[in-house]
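Counting starts at 1 for both ligands and their atoms, following the listed order.
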Amino acid sequence: MIGGVGYFPEFLCGEQQRTLVAAIASVLQEAPFFTPVMPRSGKSFSVCMTNTGPLGWVSDRQGGYRYQACHPNTGRRWPPIPQSVLDVWSSVAEYSHPPEACLVNYYRPGARMGLHQDRDEEELAAPVVSISLGDTGLFRIAADRQGPSSVVKLRSGDVLVMAGPARLSYHGIDRILGGSSRLLTGPLFPDGGRINLTLRRVTRP
Ligand SMILES: O=C(O)CCC(=O)C(=O)O
Ligand SMILES: [Fe+2]
């Protein structure tokens, strides 16, 4: 894999994973999932999203990719980042300031995310920390768009850090292995699927 990627398989035990899912369930009461739309093309993402933290990542046809303090549909501020999520950042980020945004991506089986860079943040010295919950995602990562890429199976409880030379790596989710985990169930997640929490520092401290 490319330099600057920290891969921590099975970083979270089952109980920690369930704690995170419970925290997300209560976040969803205040900040329900929305479906972002790509700038210009107006095409909807197959992933739906919400955020926690002082800033949240959104995208729509007019405004494009950006961070804002409020939910695009409810107009309310995003709920705070759960402590259980902040604890993961403190353990792996090697960065002395807290994250400002925790993007919650929900992939139903069949959803994917195209190859992209995370570069809507001012502070590129901070890492991006990603937590996987539920079904396995096939995560593709490459140093540049044309060059060789590697695929990592991100399983429930895995944590991945993109820092230093990997901070602006190209990455995406090729596919979700539906039914590979039983973590996400019940009325909120009748199709199972995968949740990814992506933690980012947005502004320069
Ligand atoms: O779902 C993932 O593992 C990656 C998510 C991602 O790259 C993003 O939200 O920018
Ligand atoms: Fe990303």
Side-chain angles (χ1 to χ4, degrees), residues 1-2 4-12 17 20-21 24 27 33-39 44-53 55-59 64-68 78 81 85 88-89 92-93 99-121 123-124 126-145 149-163 165-178 180-181 183-184 189 192-202:
M1 209 164 0
I2 65 178
V5 177
Y7 173 45
F8 302 89
E10 296 179 65
F11 187 81
L12 302 161
Q17 294 172 41
L20 287 172
V21 173
I24 294 157
V27 161
F33 284 128
F34 65 93
T35 302
V37 168
M38 287 173 204
S44 290
F45 281 66
S46 59
V47 178
C48 58
M49 301 179 179
T50 189
N51 288 272
T52 62
L55 290 171
W57 188 90
V58 300
S59 175
Y65 303 155
R66 63 191 186 276
Y67 284 92
Q68 62 182 41
W78 307 106
I81 304 179
V85 176
V88 176
W89 174 274
V92 300
E100 293 171 296
C102 171
L103 175 62
V104 181
N105 290 311
Y106 177 49
Y107 299 79
R108 289 189 182 78
R112 56 184 297 280
M113 190 179 285
L115 215 61
H116 66 277
Q117 290 175 298
D118 289 11
R119 53 166 208 200
D120 302 319
E121 304 74 30
E123 176 56 323
L124 296 173
V128 171
V129 172
S130 140
I131 303 170
S132 293
L133 296 166
D135 285 343
T136 298
L138 302 188
F139 178 81
R140 183 175 295 277
I141 184 162
D144 46 73
R145 199 180 267 289
S149 60
S150 349
V151 175
V152 185
K153 277 189 180 179
L154 291 181
R155 297 186 175 84
S156 196
D158 292 358
V159 170
L160 188 119
V161 180
M162 292 182 283
R167 176 61 184 77
L168 287 175
S169 68
Y170 286 83
H171 59 275
I173 292 288
D174 287 356
R175 191 156 77 81
I176 301 298
L177 305 183
S180 49
S181 158
L183 184 71
L184 302 182
F189 306 108
R194 170 173 184 264
I195 284 180
N196 162 263
L197 306 175
T198 282
L199 291 156
R200 306 190 188 109
R201 177 81 200 183
V202 180

Notebook entry, point to check: Could you walk me through whether Asn196 and Ser130 pass the side-chain hydrogen bond (donor to acceptor under 3.5 Å, both in side chains) check?
Noted result: CA-CA 7 Å; Asn196 162 263; Ser130 140; 3.0 Å; yes

Next item on the list: May I ask you to list the atoms of ligand 1 that are less than 4.0 angstrom from any heavy atom of Ile173?
Entry: 1 (O), 2 (C), 3 (O)

Checklist line | Closest contact, heavy atoms only, Arg167 versus Leu124 | finding: CG-O, 3.4 Å

Notebook entry, point to check: Can a salt bridge be assigned to the pair Arg200 and Glu121 using a cut-off of 4.0 Å between side-chain N and carboxylate O?
Noted result: yes

Check: Which heavy-atom pair separates Gly178 from Asp135 by the least distance, and what is that distance?
Finding: CA-OD2, 3.4 Å

Item checked: Sub-4.0 Å atoms of ligand 1 with respect to non-hydrogen atoms of His171 -> 7 (O)

Next item on the list: Report the part of Leu103 in contact with ligand 1, treating N, CA, C, O as backbone and CB onward as side chain, heavy atoms under 4.0 Å; options are side chain, backbone, both, neither.
Entry: side chain

Next item on the list: Cation-pi check, Arg145 to Tyr170: give yes when NZ or CZ is under 6.0 Å from the six-membered ring centre and within 45° of the ring axis, no otherwise.
Entry: no

Next item on the list: Record the part of Arg200 in heavy-atom contact with ligand 1 below 4.0 Å; permitted values are side chain, backbone, both and neither.
Entry: side chain

Margin query: For a quick test of reading the model, state the closest non-hydrogen atom pair linking Ser44 to Thr35 and the distance between them.
Written below: CB-CG2, 3.9 Å

Next item on the list: Would you mind checking which non-hydrogen protein atom is closest to atom 6 (C) of ligand 1, with the distance to 0.1 Å?
Entry: Met113 SD, 3.5 Å

Note to self: Looking at ligand 1, is there an atom of it that comes within less than 4.0 Å of some heavy atom belonging to Tyr107?
What the structure shows: yes

Check: Are any of the N/O atoms in Asn196 less than 3.5 Å from those in ligand 1?
Finding: yes

Next item on the list: Please round to the nearest 0.5 Å and tell me the distance separating atom CZ of Phe34 and atom CG of Asn51.
Entry: 5.5 Å

Notebook entry, point to check: Quick one: do the Ser181 and Arg155 side chains pair a donor with an acceptor below 3.5 Å?
Noted result: no

Next item on the list: Anything under 30° is parallel, anything over 60° is perpendicular, the rest tilted; go ahead and classify Trp57 against Phe45.
Entry: perpendicular

Check: Does Met49 reach ligand 1, in the sense of a heavy atom lying below 4.0 Å from it?
Finding: no

Checklist line | Which of the ligand 1 atoms, numbered from 1, are nearer than 4.0 Å to a heavy atom of Asn105 | finding: 5 (C), 8 (C), 9 (O)

Check: In terms of atom number and element, which parts of ligand 1 are under 4.0 angstrom from non-hydrogen atoms of Asp118?
Finding: 10 (O)

Next item on the list: Among the N/O/S atoms of His171, select the one at the shortest distance from the Fe ion (ligand 2) and name it.
Entry: NE2

Notebook entry, point to check: What residue and atom, counting heavy atoms only, is the protein's closest point to atom 3 (O) of ligand 1, and at what distance?
Noted result: Arg194 NH2, 2.8 Å

Notebook entry, point to check: What N/O/S atom of Asp118 is the closest to the Fe ion (ligand 2)?
Noted result: OD1

